[in-house]
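Please read the structure below before turning to the comments.
We name chains A, B, ... by the order of the sequence lines, and we start the count at 1 in each one.
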There are 2 protein chains.
Amino acid sequence: MAVLSFEESGISPADSFDMEDNTSHTGSHSSGDEDLQSQNERFSSHESQPEKRNIQDMCRQADQLFFHMLFQPKQGGCLMSTVTTPATVNGVNVEQLGANISAIQGDTGLAKFQFRATNSWINGGHNRTTIKEFYGVGQEDTTRTEPFVLDADEPPVLLGEDHGANPVEFVLHALASCLTTSMVYHAAARGIRIDSIESRLEGDLDLRGFLGLSNDVRPGYENLRVQFTVKSDAPAETLRELTKHSPVFDIVTNPVPVAISVHTEGIH
Amino acid sequence: MAVLSFEESGISPADSFDMEDNTSHTGSHSSGDEDLQSQNERFSSHESQPEKRNIQDMCRQADQLFFHMLFQPKQGGCLMSTVTTPATVNGVNVEQLGANISAIQGDTGLAKFQFRATNSWINGGHNRTTIKEFYGVGQEDTTRTEPFVLDADEPPVLLGEDHGANPVEFVLHALASCLTTSMVYHAAARGIRIDSIESRLEGDLDLRGFLGLSNDVRPGYENLRVQFTVKSDAPAETLRELTKHSPVFDIVTNPVPVAISVHTEGIH
(Lines give C-alpha, C1' and ligand atoms only; values in the text may rest on other atoms or scores of the structure.)
Protein backbone atom coordinates (compact mmCIF):
# COMPACT_ATOMS: atom_id res chain seq x y z
CA MET A 1 0.00 0.00 0.00
CA ALA A 2 1.07 3.58 -0.63
CA VAL A 3 1.31 4.61 2.98
CA LEU A 4 3.17 1.51 4.14
CA SER A 5 5.73 1.80 1.35
CA PHE A 6 6.59 5.21 2.79
CA GLU A 7 8.33 3.42 5.64
CA GLU A 8 10.70 1.85 3.13
CA SER A 9 11.47 4.91 1.02
CA GLY A 10 11.05 8.64 1.30
CA ILE A 11 9.88 8.83 -2.31
CA SER A 12 7.40 5.97 -2.46
CA PRO A 13 4.30 7.81 -1.20
CA ALA A 14 4.49 10.56 -3.80
CA ASP A 15 5.16 7.95 -6.50
CA SER A 16 2.29 5.76 -5.41
CA PHE A 17 0.04 8.83 -5.17
CA ASP A 18 0.46 9.33 -8.89
CA MET A 19 0.48 5.60 -9.63
CA GLU A 20 -2.97 5.46 -8.05
CA ASP A 21 -4.16 8.28 -10.33
CA ASN A 22 -2.74 6.58 -13.42
CA THR A 23 -4.29 3.22 -12.70
CA SER A 24 -7.70 4.36 -11.56
CA HIS A 25 -8.24 6.91 -14.34
CA THR A 26 -6.62 5.23 -17.34
CA GLY A 27 -7.43 7.14 -20.48
CA SER A 28 -9.39 9.83 -18.72
CA HIS A 29 -6.53 12.10 -17.67
CA SER A 30 -3.04 12.55 -19.04
CA SER A 31 -1.82 14.84 -16.27
CA GLY A 32 -0.94 11.89 -14.03
CA ASP A 33 2.10 11.00 -16.12
CA GLU A 34 3.20 14.63 -16.30
CA ASP A 35 2.91 14.97 -12.52
CA LEU A 36 4.92 11.79 -11.95
CA GLN A 37 7.63 13.01 -14.31
CA SER A 38 7.86 16.51 -12.83
CA GLN A 39 7.75 15.04 -9.33
CA ASN A 40 10.61 12.64 -10.01
CA GLU A 41 12.61 15.52 -11.48
CA ARG A 42 11.97 17.51 -8.31
CA PHE A 43 13.06 14.62 -6.11
CA SER A 44 16.21 14.00 -8.15
CA SER A 45 17.11 17.69 -7.86
CA HIS A 46 17.14 17.24 -4.10
CA GLU A 47 19.24 14.09 -4.02
CA SER A 48 22.18 15.88 -2.47
CA GLN A 49 20.03 17.70 0.09
CA PRO A 50 18.92 16.50 3.55
CA GLU A 51 16.27 13.75 3.70
CA LYS A 52 14.08 16.20 5.63
CA ARG A 53 13.90 18.47 2.54
CA ASN A 54 12.69 15.55 0.40
CA ILE A 55 10.03 14.66 2.96
CA GLN A 56 8.77 18.25 3.08
CA ASP A 57 8.46 18.22 -0.72
CA MET A 58 6.46 15.02 -0.48
CA CYS A 59 4.28 16.49 2.23
CA ARG A 60 3.16 19.09 -0.29
CA GLN A 61 2.60 16.37 -2.92
CA ALA A 62 0.87 13.43 -1.28
CA ASP A 63 -2.11 13.66 1.05
CA GLN A 64 -1.52 9.99 1.83
CA LEU A 65 1.25 11.27 4.07
CA PHE A 66 -1.37 13.06 6.13
CA PHE A 67 -3.41 9.83 6.37
CA HIS A 68 -0.14 8.10 7.28
CA MET A 69 0.37 10.55 10.11
CA LEU A 70 -3.20 10.17 11.28
CA PHE A 71 -3.07 6.45 11.83
CA GLN A 72 0.60 6.33 12.82
CA PRO A 73 1.14 9.74 14.52
CA LYS A 74 4.60 8.89 15.75
CA GLN A 75 5.82 8.74 12.15
CA GLY A 76 3.87 11.69 10.79
CA GLY A 77 5.73 14.63 12.19
CA CYS A 78 6.75 15.88 8.79
CA LEU A 79 3.31 17.19 7.92
CA MET A 80 2.96 19.00 11.22
CA SER A 81 5.72 21.31 10.04
CA THR A 82 4.02 22.20 6.78
CA VAL A 83 0.28 22.35 7.59
CA THR A 84 -1.85 22.95 10.65
CA THR A 85 -4.12 20.05 11.63
CA PRO A 86 -7.16 21.19 13.63
CA ALA A 87 -9.91 18.66 14.38
CA THR A 88 -12.04 20.04 11.56
CA VAL A 89 -10.94 21.45 8.18
CA ASN A 90 -13.50 22.60 5.56
CA GLY A 91 -16.21 21.10 7.78
CA VAL A 92 -14.52 17.68 7.65
CA ASN A 93 -13.56 16.05 10.95
CA VAL A 94 -10.02 15.03 10.03
CA GLU A 95 -9.48 13.32 13.38
CA GLN A 96 -12.43 11.01 12.65
CA LEU A 97 -11.14 10.61 9.10
CA GLY A 98 -7.84 9.47 10.53
CA ALA A 99 -9.57 7.09 12.93
CA ASN A 100 -11.53 5.56 10.02
CA ILE A 101 -8.36 5.11 8.00
CA SER A 102 -6.60 3.58 10.98
CA ALA A 103 -9.46 1.08 11.35
CA ILE A 104 -9.37 0.27 7.61
CA GLN A 105 -5.62 -0.30 7.78
CA GLY A 106 -6.24 -2.76 10.58
CA ASP A 107 -9.04 -4.55 8.70
CA THR A 108 -9.38 -3.79 4.97
CA GLY A 109 -12.82 -5.49 5.04
CA LEU A 110 -14.11 -2.36 6.79
CA ALA A 111 -13.54 -0.42 3.53
CA LYS A 112 -16.09 -2.51 1.62
CA PHE A 113 -19.37 -0.65 1.10
CA GLN A 114 -22.56 -1.70 -0.66
CA PHE A 115 -24.98 1.07 -1.66
CA ARG A 116 -28.56 0.23 -2.68
CA ALA A 117 -31.63 1.74 -4.28
CA THR A 118 -35.12 0.61 -5.27
CA ASN A 119 -37.11 2.19 -8.09
CA SER A 120 -40.80 2.04 -9.03
CA TRP A 121 -42.17 3.13 -12.39
CA ILE A 122 -45.14 5.51 -12.08
CA ASN A 123 -46.13 6.37 -15.68
CA GLY A 124 -44.43 7.34 -18.92
CA GLY A 125 -41.07 8.89 -18.10
CA HIS A 126 -41.95 9.32 -14.42
CA ASN A 127 -40.45 6.94 -11.83
CA ARG A 128 -39.39 7.12 -8.17
CA THR A 129 -36.27 5.90 -6.38
CA THR A 130 -36.06 5.17 -2.65
CA ILE A 131 -32.63 5.13 -0.94
CA LYS A 132 -32.04 4.23 2.71
CA GLU A 133 -30.04 1.15 3.68
CA PHE A 134 -26.38 0.62 2.93
CA TYR A 135 -23.59 -1.59 4.23
CA GLY A 136 -20.22 -0.23 5.30
CA VAL A 137 -17.51 -0.35 7.96
CA GLY A 138 -18.43 -3.98 8.60
CA GLN A 139 -22.13 -3.52 9.33
CA GLU A 140 -25.55 -2.42 8.07
CA ASP A 141 -26.13 1.31 8.62
CA THR A 142 -28.68 2.08 11.35
CA THR A 143 -28.45 5.88 11.43
CA ARG A 144 -30.94 6.65 8.65
CA THR A 145 -34.48 6.66 10.04
CA GLU A 146 -36.18 8.01 6.89
CA PRO A 147 -35.45 7.16 3.24
CA PHE A 148 -34.45 9.63 0.55
CA VAL A 149 -37.17 9.69 -2.14
CA LEU A 150 -36.15 10.92 -5.60
CA ASP A 151 -38.46 11.46 -8.58
CA ALA A 152 -37.18 11.38 -12.15
CA ASP A 153 -39.15 12.40 -15.23
CA GLU A 154 -38.60 13.96 -18.64
CA PRO A 155 -39.49 17.47 -19.85
CA PRO A 156 -42.45 17.83 -22.25
CA VAL A 157 -40.18 17.94 -25.30
CA LEU A 158 -39.04 14.42 -24.28
CA LEU A 159 -42.65 13.28 -23.73
CA GLY A 160 -42.64 13.65 -19.94
CA GLU A 161 -44.38 15.92 -17.44
CA ASP A 162 -41.30 17.30 -15.63
CA HIS A 163 -42.08 15.76 -12.23
CA GLY A 164 -38.31 15.75 -11.65
CA ALA A 165 -34.93 16.20 -13.32
CA ASN A 166 -34.27 13.56 -15.97
CA PRO A 167 -31.81 10.66 -15.53
CA VAL A 168 -28.89 12.25 -17.39
CA GLU A 169 -29.38 15.47 -15.41
CA PHE A 170 -29.06 13.39 -12.22
CA VAL A 171 -25.71 12.19 -13.59
CA LEU A 172 -24.57 15.84 -13.68
CA HIS A 173 -25.65 16.22 -10.04
CA ALA A 174 -23.87 13.01 -8.99
CA LEU A 175 -20.68 14.12 -10.76
CA ALA A 176 -20.77 17.70 -9.44
CA SER A 177 -21.43 16.64 -5.85
CA CYS A 178 -18.76 13.91 -5.91
CA LEU A 179 -16.05 16.10 -7.47
CA THR A 180 -16.83 18.81 -4.90
CA THR A 181 -16.80 16.44 -1.91
CA SER A 182 -13.57 14.82 -3.14
CA MET A 183 -11.91 18.24 -3.41
CA VAL A 184 -13.17 19.24 0.07
CA TYR A 185 -12.19 16.00 1.84
CA HIS A 186 -8.75 15.64 0.26
CA ALA A 187 -8.04 19.34 0.77
CA ALA A 188 -8.94 18.89 4.43
CA ALA A 189 -6.60 15.91 4.65
CA ARG A 190 -3.80 18.13 3.35
CA GLY A 191 -4.70 21.07 5.58
CA ILE A 192 -5.79 23.17 2.59
CA ARG A 193 -8.46 25.70 3.57
CA ILE A 194 -11.33 26.25 1.12
CA ASP A 195 -13.87 29.02 1.66
CA SER A 196 -16.23 28.36 -1.28
CA ILE A 197 -16.71 26.10 -4.29
CA GLU A 198 -19.06 26.78 -7.20
CA SER A 199 -19.26 24.59 -10.30
CA ARG A 200 -21.10 24.58 -13.62
CA LEU A 201 -21.53 21.41 -15.67
CA GLU A 202 -22.52 20.89 -19.30
CA GLY A 203 -23.17 17.60 -21.08
CA ASP A 204 -23.65 17.05 -24.83
CA LEU A 205 -26.08 14.32 -25.83
CA ASP A 206 -27.40 13.38 -29.30
CA LEU A 207 -30.90 11.92 -29.02
CA ARG A 208 -30.34 9.75 -32.11
CA GLY A 209 -28.34 7.39 -29.90
CA PHE A 210 -31.24 6.69 -27.53
CA LEU A 211 -33.67 6.38 -30.45
CA GLY A 212 -31.37 3.97 -32.28
CA LEU A 213 -31.49 6.13 -35.40
CA SER A 214 -27.74 6.03 -36.04
CA ASN A 215 -25.03 3.43 -35.52
CA ASP A 216 -22.48 6.23 -35.09
CA VAL A 217 -24.12 7.99 -32.13
CA ARG A 218 -23.84 6.71 -28.56
CA PRO A 219 -26.90 6.90 -26.27
CA GLY A 220 -25.04 8.66 -23.45
CA TYR A 221 -23.09 11.89 -23.11
CA GLU A 222 -20.53 12.51 -25.83
CA ASN A 223 -18.66 15.06 -23.68
CA LEU A 224 -18.89 16.53 -20.19
CA ARG A 225 -17.37 19.83 -19.06
CA VAL A 226 -16.97 20.94 -15.44
CA GLN A 227 -15.92 24.50 -14.55
CA PHE A 228 -14.98 25.13 -10.91
CA THR A 229 -14.56 28.48 -9.20
CA VAL A 230 -12.86 27.91 -5.84
CA LYS A 231 -12.02 30.44 -3.13
CA SER A 232 -8.75 29.11 -1.73
CA ASP A 233 -5.10 30.06 -1.55
CA ALA A 234 -4.08 26.67 -2.99
CA PRO A 235 -2.97 26.48 -6.68
CA ALA A 236 -5.79 25.68 -9.13
CA GLU A 237 -3.89 22.64 -10.47
CA THR A 238 -3.51 21.22 -6.96
CA LEU A 239 -7.26 21.50 -6.38
CA ARG A 240 -8.03 19.96 -9.78
CA GLU A 241 -5.77 16.98 -8.99
CA LEU A 242 -7.73 16.35 -5.77
CA THR A 243 -10.93 15.78 -7.80
CA LYS A 244 -9.32 12.73 -9.44
CA HIS A 245 -10.10 10.76 -6.27
CA SER A 246 -13.84 11.13 -7.00
CA PRO A 247 -15.72 7.80 -7.24
CA VAL A 248 -18.31 9.25 -9.65
CA PHE A 249 -15.54 10.73 -11.83
CA ASP A 250 -14.12 7.19 -12.03
CA ILE A 251 -17.57 5.73 -12.77
CA VAL A 252 -18.20 8.21 -15.61
CA THR A 253 -14.72 8.16 -17.17
CA ASN A 254 -14.08 4.40 -16.87
CA PRO A 255 -16.25 1.33 -17.57
CA VAL A 256 -18.24 -0.20 -14.69
CA PRO A 257 -19.68 -3.73 -15.17
CA VAL A 258 -23.50 -3.66 -14.87
CA ALA A 259 -25.44 -6.94 -14.60
CA ILE A 260 -29.14 -6.60 -15.48
CA SER A 261 -31.68 -9.32 -14.79
CA VAL A 262 -35.39 -9.17 -15.63
CA HIS A 263 -38.14 -11.29 -14.06
CA THR A 264 -41.55 -11.00 -15.67
CA GLU A 265 -45.05 -11.58 -14.37
CA GLY A 266 -47.78 -11.93 -16.98
CA ILE A 267 -50.59 -9.36 -17.14
CA HIS A 268 -53.35 -11.89 -17.76
CA MET B 1 -29.09 5.48 -40.84
CA ALA B 2 -30.83 2.33 -39.71
CA VAL B 3 -34.30 3.37 -40.74
CA LEU B 4 -33.27 4.73 -44.13
CA SER B 5 -31.31 1.58 -44.97
CA PHE B 6 -34.59 -0.29 -44.54
CA GLU B 7 -35.71 1.20 -47.83
CA GLU B 8 -32.80 -0.55 -49.52
CA SER B 9 -33.09 -3.95 -47.85
CA GLY B 10 -35.68 -5.78 -45.82
CA ILE B 11 -33.01 -7.07 -43.44
CA SER B 12 -31.03 -3.90 -42.71
CA PRO B 13 -33.17 -2.49 -39.90
CA ALA B 14 -32.98 -5.60 -37.73
CA ASP B 15 -29.25 -5.86 -38.46
CA SER B 16 -28.61 -2.22 -37.66
CA PHE B 17 -30.71 -2.57 -34.50
CA ASP B 18 -28.18 -5.03 -33.16
CA MET B 19 -25.23 -3.24 -34.76
CA GLU B 20 -26.25 -0.17 -32.79
CA ASP B 21 -26.26 -2.24 -29.58
CA ASN B 22 -22.84 -3.66 -30.36
CA THR B 23 -21.26 -0.30 -31.09
CA SER B 24 -22.82 1.73 -28.32
CA HIS B 25 -22.17 -0.82 -25.57
CA THR B 26 -18.85 -2.34 -26.59
CA GLY B 27 -17.57 -4.54 -23.80
CA SER B 28 -20.59 -4.02 -21.61
CA HIS B 29 -22.85 -6.65 -23.12
CA SER B 30 -22.11 -9.80 -25.11
CA SER B 31 -25.72 -10.57 -25.96
CA GLY B 32 -25.66 -8.20 -28.93
CA ASP B 33 -23.50 -10.57 -30.97
CA GLU B 34 -25.63 -13.55 -29.99
CA ASP B 35 -28.78 -11.70 -31.05
CA LEU B 36 -27.27 -10.72 -34.40
CA GLN B 37 -26.18 -14.31 -35.03
CA SER B 38 -29.51 -15.88 -34.09
CA GLN B 39 -31.32 -13.21 -36.06
CA ASN B 40 -29.32 -13.83 -39.22
CA GLU B 41 -29.98 -17.55 -38.84
CA ARG B 42 -33.68 -16.78 -38.62
CA PHE B 43 -33.57 -14.60 -41.70
CA SER B 44 -31.60 -17.20 -43.71
CA SER B 45 -34.18 -19.83 -42.76
CA HIS B 46 -36.82 -17.68 -44.44
CA GLU B 47 -34.89 -17.01 -47.62
CA SER B 48 -37.20 -19.16 -49.67
CA GLN B 49 -40.34 -17.66 -48.16
CA PRO B 50 -42.23 -14.51 -49.17
CA GLU B 51 -40.58 -11.15 -48.35
CA LYS B 52 -43.68 -10.33 -46.26
CA ARG B 53 -42.77 -13.15 -43.82
CA ASN B 54 -39.25 -11.73 -43.39
CA ILE B 55 -40.62 -8.27 -42.69
CA GLN B 56 -43.03 -9.61 -40.07
CA ASP B 57 -40.09 -11.32 -38.34
CA MET B 58 -38.23 -8.02 -38.37
CA CYS B 59 -41.26 -6.20 -37.05
CA ARG B 60 -41.00 -8.33 -33.92
CA GLN B 61 -37.26 -7.63 -33.69
CA ALA B 62 -36.61 -3.97 -34.42
CA ASP B 63 -38.48 -1.07 -32.87
CA GLN B 64 -36.80 1.15 -35.47
CA LEU B 65 -39.40 -0.24 -37.84
CA PHE B 66 -42.06 1.32 -35.67
CA PHE B 67 -40.23 4.66 -35.76
CA HIS B 68 -39.89 4.15 -39.50
CA MET B 69 -43.66 3.70 -39.79
CA LEU B 70 -44.30 6.77 -37.64
CA PHE B 71 -42.38 9.20 -39.76
CA GLN B 72 -43.06 7.48 -43.08
CA PRO B 73 -46.52 5.92 -42.54
CA LYS B 74 -46.95 4.97 -46.15
CA GLN B 75 -44.08 2.49 -45.83
CA GLY B 76 -44.78 1.20 -42.31
CA GLY B 77 -47.81 -0.97 -42.78
CA CYS B 78 -46.00 -4.07 -41.68
CA LEU B 79 -46.10 -3.17 -37.99
CA MET B 80 -49.81 -2.46 -38.05
CA SER B 81 -50.34 -6.15 -38.61
CA THR B 82 -48.33 -7.20 -35.55
CA VAL B 83 -48.98 -4.53 -32.90
CA THR B 84 -51.71 -2.04 -32.07
CA THR B 85 -50.64 1.59 -32.13
CA PRO B 86 -52.85 3.80 -29.96
CA ALA B 87 -51.81 7.43 -29.37
CA THR B 88 -50.43 6.52 -25.93
CA VAL B 89 -48.71 3.30 -24.80
CA ASN B 90 -47.35 2.93 -21.23
CA GLY B 91 -48.10 6.62 -20.72
CA VAL B 92 -45.87 7.54 -23.68
CA ASN B 93 -47.44 9.56 -26.50
CA VAL B 94 -46.15 7.50 -29.41
CA GLU B 95 -47.69 9.85 -31.96
CA GLN B 96 -45.63 12.72 -30.52
CA LEU B 97 -42.63 10.39 -30.38
CA GLY B 98 -43.09 9.71 -34.06
CA ALA B 99 -43.44 13.42 -34.81
CA ASN B 100 -40.18 14.12 -32.93
CA ILE B 101 -38.39 11.39 -34.85
CA SER B 102 -39.78 12.69 -38.12
CA ALA B 103 -38.47 16.16 -37.28
CA ILE B 104 -35.04 14.75 -36.33
CA GLN B 105 -34.88 12.80 -39.57
CA GLY B 106 -35.51 16.06 -41.41
CA ASP B 107 -32.88 17.96 -39.41
CA THR B 108 -30.45 15.87 -37.34
CA GLY B 109 -29.36 19.07 -35.55
CA LEU B 110 -32.65 18.87 -33.64
CA ALA B 111 -31.35 15.72 -31.87
CA LYS B 112 -28.50 17.64 -30.21
CA PHE B 113 -29.20 18.32 -26.53
CA GLN B 114 -27.11 20.07 -23.90
CA PHE B 115 -28.02 19.43 -20.25
CA ARG B 116 -26.64 21.67 -17.49
CA ALA B 117 -26.28 21.89 -13.74
CA THR B 118 -24.73 24.27 -11.21
CA ASN B 119 -23.49 23.16 -7.80
CA SER B 120 -22.60 25.09 -4.65
CA TRP B 121 -20.62 23.62 -1.75
CA ILE B 122 -22.31 24.21 1.62
CA ASN B 123 -20.02 22.52 4.20
CA GLY B 124 -18.12 19.27 4.60
CA GLY B 125 -19.82 16.63 2.45
CA HIS B 126 -22.94 18.77 1.94
CA ASN B 127 -23.50 20.54 -1.40
CA ARG B 128 -26.47 21.58 -3.53
CA THR B 129 -27.17 21.27 -7.26
CA THR B 130 -29.62 23.43 -9.22
CA ILE B 131 -30.99 22.15 -12.55
CA LYS B 132 -33.28 24.13 -14.85
CA GLU B 133 -32.14 25.22 -18.32
CA PHE B 134 -31.29 22.86 -21.14
CA TYR B 135 -30.95 23.08 -24.91
CA GLY B 136 -32.72 20.68 -27.27
CA VAL B 137 -34.76 20.38 -30.46
CA GLY B 138 -32.98 23.45 -31.78
CA GLN B 139 -33.77 25.85 -28.96
CA GLU B 140 -33.41 26.71 -25.27
CA ASP B 141 -36.15 25.12 -23.17
CA THR B 142 -38.72 27.61 -21.86
CA THR B 143 -41.16 25.23 -20.16
CA ARG B 144 -39.43 24.95 -16.77
CA THR B 145 -40.46 27.86 -14.56
CA GLU B 146 -38.82 26.54 -11.36
CA PRO B 147 -35.44 24.78 -10.96
CA PHE B 148 -34.94 21.32 -9.47
CA VAL B 149 -32.84 21.65 -6.30
CA LEU B 150 -30.93 18.56 -5.15
CA ASP B 151 -28.90 18.20 -1.95
CA ALA B 152 -26.09 15.66 -1.63
CA ASP B 153 -24.29 14.76 1.58
CA GLU B 154 -22.62 11.78 3.25
CA PRO B 155 -23.87 9.64 6.14
CA PRO B 156 -22.17 10.09 9.54
CA VAL B 157 -19.90 7.07 8.98
CA LEU B 158 -18.51 8.98 5.96
CA LEU B 159 -18.15 12.18 8.00
CA GLY B 160 -21.34 13.85 6.72
CA GLU B 161 -24.67 14.82 8.26
CA ASP B 162 -27.00 12.97 5.87
CA HIS B 163 -28.66 16.06 4.40
CA GLY B 164 -29.20 14.00 1.23
CA ALA B 165 -28.23 10.79 -0.54
CA ASN B 166 -24.53 10.64 -1.35
CA PRO B 167 -23.10 11.04 -4.87
CA VAL B 168 -22.70 7.33 -5.64
CA GLU B 169 -26.26 6.69 -4.41
CA PHE B 170 -27.43 9.34 -6.91
CA VAL B 171 -25.67 7.28 -9.60
CA LEU B 172 -27.91 4.33 -8.64
CA HIS B 173 -30.98 6.59 -8.99
CA ALA B 174 -29.82 7.91 -12.37
CA LEU B 175 -29.20 4.37 -13.64
CA ALA B 176 -32.47 2.93 -12.28
CA SER B 177 -34.58 5.76 -13.67
CA CYS B 178 -32.88 5.70 -17.08
CA LEU B 179 -33.08 1.92 -17.52
CA THR B 180 -36.77 2.07 -16.54
CA THR B 181 -37.61 4.95 -18.89
CA SER B 182 -35.69 3.28 -21.72
CA MET B 183 -37.67 0.07 -21.22
CA VAL B 184 -40.98 1.98 -21.06
CA TYR B 185 -40.34 4.20 -24.13
CA HIS B 186 -38.95 1.47 -26.38
CA ALA B 187 -41.67 -0.95 -25.29
CA ALA B 188 -44.23 1.72 -26.20
CA ALA B 189 -42.57 2.14 -29.59
CA ARG B 190 -43.00 -1.59 -30.16
CA GLY B 191 -46.57 -1.67 -28.86
CA ILE B 192 -45.54 -3.75 -25.83
CA ARG B 193 -47.83 -3.10 -22.88
CA ILE B 194 -46.22 -2.85 -19.43
CA ASP B 195 -48.32 -2.65 -16.27
CA SER B 196 -45.59 -2.24 -13.64
CA ILE B 197 -41.80 -2.08 -13.24
CA GLU B 198 -39.92 -2.46 -9.97
CA SER B 199 -36.14 -2.57 -9.71
CA ARG B 200 -33.51 -3.07 -7.03
CA LEU B 201 -29.92 -1.91 -7.48
CA GLU B 202 -26.75 -2.79 -5.58
CA GLY B 203 -23.27 -1.29 -6.04
CA ASP B 204 -20.01 -2.53 -4.50
CA LEU B 205 -17.47 0.14 -3.58
CA ASP B 206 -14.16 -0.20 -1.71
CA LEU B 207 -13.39 3.02 0.19
CA ARG B 208 -9.63 2.40 -0.13
CA GLY B 209 -9.91 3.68 -3.71
CA PHE B 210 -11.27 7.10 -2.71
CA LEU B 211 -8.76 7.36 0.15
CA GLY B 212 -5.86 6.46 -2.14
CA LEU B 213 -4.77 3.69 0.22
CA SER B 214 -4.29 1.07 -2.51
CA ASN B 215 -3.12 1.20 -6.12
CA ASP B 216 -5.24 -1.87 -6.88
CA VAL B 217 -8.63 -0.44 -5.85
CA ARG B 218 -10.62 1.93 -8.07
CA PRO B 219 -12.46 4.87 -6.46
CA GLY B 220 -15.79 4.05 -8.12
CA TYR B 221 -18.13 1.07 -8.15
CA GLU B 222 -16.43 -2.27 -8.81
CA ASN B 223 -19.75 -3.88 -9.82
CA LEU B 224 -23.39 -2.90 -10.23
CA ARG B 225 -26.37 -5.26 -10.20
CA VAL B 226 -29.90 -4.38 -11.35
CA GLN B 227 -32.83 -6.72 -10.73
CA PHE B 228 -36.08 -5.89 -12.55
CA THR B 229 -39.54 -7.31 -11.86
CA VAL B 230 -41.82 -6.36 -14.75
CA LYS B 231 -45.53 -7.04 -15.18
CA SER B 232 -45.85 -7.60 -18.94
CA ASP B 233 -46.65 -10.38 -21.37
CA ALA B 234 -43.41 -9.70 -23.28
CA PRO B 235 -40.46 -12.10 -22.84
CA ALA B 236 -37.99 -11.09 -20.10
CA GLU B 237 -35.06 -11.12 -22.58
CA THR B 238 -36.93 -8.76 -24.93
CA LEU B 239 -37.48 -6.29 -22.08
CA ARG B 240 -33.85 -6.58 -20.96
CA GLU B 241 -32.65 -5.82 -24.49
CA LEU B 242 -34.72 -2.61 -24.51
CA THR B 243 -32.72 -1.27 -21.53
CA LYS B 244 -29.55 -1.27 -23.67
CA HIS B 245 -30.78 1.98 -25.26
CA SER B 246 -30.38 3.73 -21.88
CA PRO B 247 -28.07 6.78 -21.99
CA VAL B 248 -27.04 6.35 -18.33
CA PHE B 249 -26.33 2.63 -18.92
CA ASP B 250 -23.99 3.76 -21.70
CA ILE B 251 -22.42 6.44 -19.46
CA VAL B 252 -21.76 3.93 -16.65
CA THR B 253 -20.58 0.99 -18.79
CA ASN B 254 -18.47 3.00 -21.27
CA PRO B 255 -15.97 5.86 -20.85
CA VAL B 256 -17.20 9.46 -21.16
CA PRO B 257 -14.59 12.25 -21.61
CA VAL B 258 -14.79 14.74 -18.72
CA ALA B 259 -12.92 18.07 -18.94
CA ILE B 260 -12.38 19.73 -15.55
CA SER B 261 -11.14 23.32 -15.19
CA VAL B 262 -10.52 25.13 -11.90
CA HIS B 263 -10.37 28.90 -11.42
CA THR B 264 -9.23 30.07 -8.00
CA GLU B 265 -9.83 33.27 -6.06
CA GLY B 266 -7.52 33.88 -3.10
CA ILE B 267 -8.96 34.01 0.41
CA HIS B 268 -6.83 36.96 1.53
Please check if the side chain of A/Asp233 supplies one atom and the backbone of B/Ile267 the other of a donor-acceptor pair under 3.5 Å.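 Indeed, once roles are kept as given, a pair shorter than 3.5 Å links the two residues.
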Taking the side chain as everything from C-beta on, heavy atoms only, tell me whether [X] gets closer than 4.5 Å to [Y].
X        : Y        : result
A/Thr253 : B/Val256 : no
B/Asn127 : A/Thr181 : yes
B/Ile101 : A/Leu213 : yes
A/Ser199 : B/Asn119 : yes
B/Arg208 : A/Ile104 : yes
A/Pro219 : B/Ser246 : no
A/Glu169 : B/Lys132 : no
B/Phe228 : A/Thr264 : no

Given side-chain contact (heavy atoms from CB on, under 4.5 Å), test A/Arg225 with B/Gln114 step by step and report yes or no. CA-CA 11 Å; A/Arg225 294 172 295 281; B/Gln114 182 184 91; 3.2 Å; yes
Proximity breakdown for [X] and chain A, heavy-atom pairs closer than 4.5 Å:
X        : answer
B/Leu159 : both
B/Asn100 : side chain
B/Val184 : side chain

Would you mind checking which part of [X] comes under 4.5 Å of any heavy atom in chain B, side chain (CB onward), backbone (N, CA, C, O), both or neither?
X        : result
A/Asp153 : neither
A/Val157 : both
A/Asn223 : both
A/Ser182 : both
A/Arg128 : neither
A/Leu150 : both
A/Leu110 : neither
A/Ser196 : backbone
A/Val252 : both
A/Phe134 : side chain
A/Ile122 : neither

Pairs of heavy atoms under 4.5 Å with chain A: top-ranked of [options]:
options                                : answer
B/Met183, B/Glu154, B/Arg144           : B/Arg144
B/Ala174, B/Ser177, B/Cys178, B/Ala152 : B/Ser177
B/Gly203, B/Ala176, B/Gly266, B/Pro235 : B/Gly203
B/Pro147, B/Gly160, B/Ala234, B/Gly91  : B/Gly91
B/Leu175, B/Thr143, B/Leu158, B/Val137 : B/Leu158
B/Val226, B/Thr118, B/Leu207           : B/Val226

Within this structure, what is the CD-CD distance for the pair A/Glu265 and B/Glu198, rounded to the nearest 0.5 Å?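 Result: 9.5 Å between the selected atoms.
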Between CZ on residue A/Phe113 and CG on residue B/Asp204, distance to nearest 0.5 Å: 12.5 Å
[X] and [Y]: which non-hydrogen atoms are nearest, and at how many Å?
X        : Y        : answer
B/Asn254 : A/Arg218 : CB-NH2, 3.6 Å
B/Ile131 : A/Ala165 : CD1-CB, 4.2 Å
A/Gly124 : B/Val92  : CA-CG2, 4.1 Å
A/Asp206 : B/Ala111 : OD1-CB, 3.2 Å
A/Ile260 : B/Phe249 : CD1-CE1, 3.6 Å
B/Trp121 : A/Thr180 : CB-CG2, 3.7 Å

Which residues share a salt bridge (charged side-chain N to carboxylate O under 4.0 Å, His left out) with B/Arg200, sequence neighbours left out: B/Glu202
Please tell me whether A/Phe148 and B/His173 form a close aromatic pair, meaning their ring centres lie under 6.0 Å apart.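 No, ring centres 6.0 Å or more apart.
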Working for side-chain contact (heavy atoms from CB on, under 4.5 Å), residues A/Phe210 and B/Asp250: CA-CA 10 Å; A/Phe210 169 72; B/Asp250 175 31; over 6 Å; no
Using a cut-off of under 4.5 Å for heavy-atom pairs, which of A/Val171, A/Asn93, A/Thr130, A/Leu179 has the most such pairs with chain B? A/Val171
Residues two or more places apart in sequence or in another chain: which of them pass side-chain contact (heavy atoms from CB on, under 4.5 Å) with A/Thr142? none
side-chain contact (heavy atoms from CB on, under 4.5 Å) assessment of A/Thr129 paired with B/Leu172: CA-CA 9 Å; A/Thr129 296; B/Leu172 298 183; over 6 Å; no
CA sep, side-chain torsions, deciding dist, call: B/Val262, A/Thr243, side-chain contact (heavy atoms from CB on, under 4.5 Å): CA-CA 10 Å; B/Val262 177; A/Thr243 63; 5.6 Å; no
Between B/Phe170 and A/Phe170, what is the ring plane arrangement, given parallel below 30°, perpendicular above 60°, and tilted in between? parallel
Does atom CD of B/Glu161 have more than 12 heavy-atom neighbours from other groups under 6.0 Å away? no
May I ask you to check whether A/Ser261 and B/Gln227 show a side-chain donor-acceptor distance below 3.5 Å? no
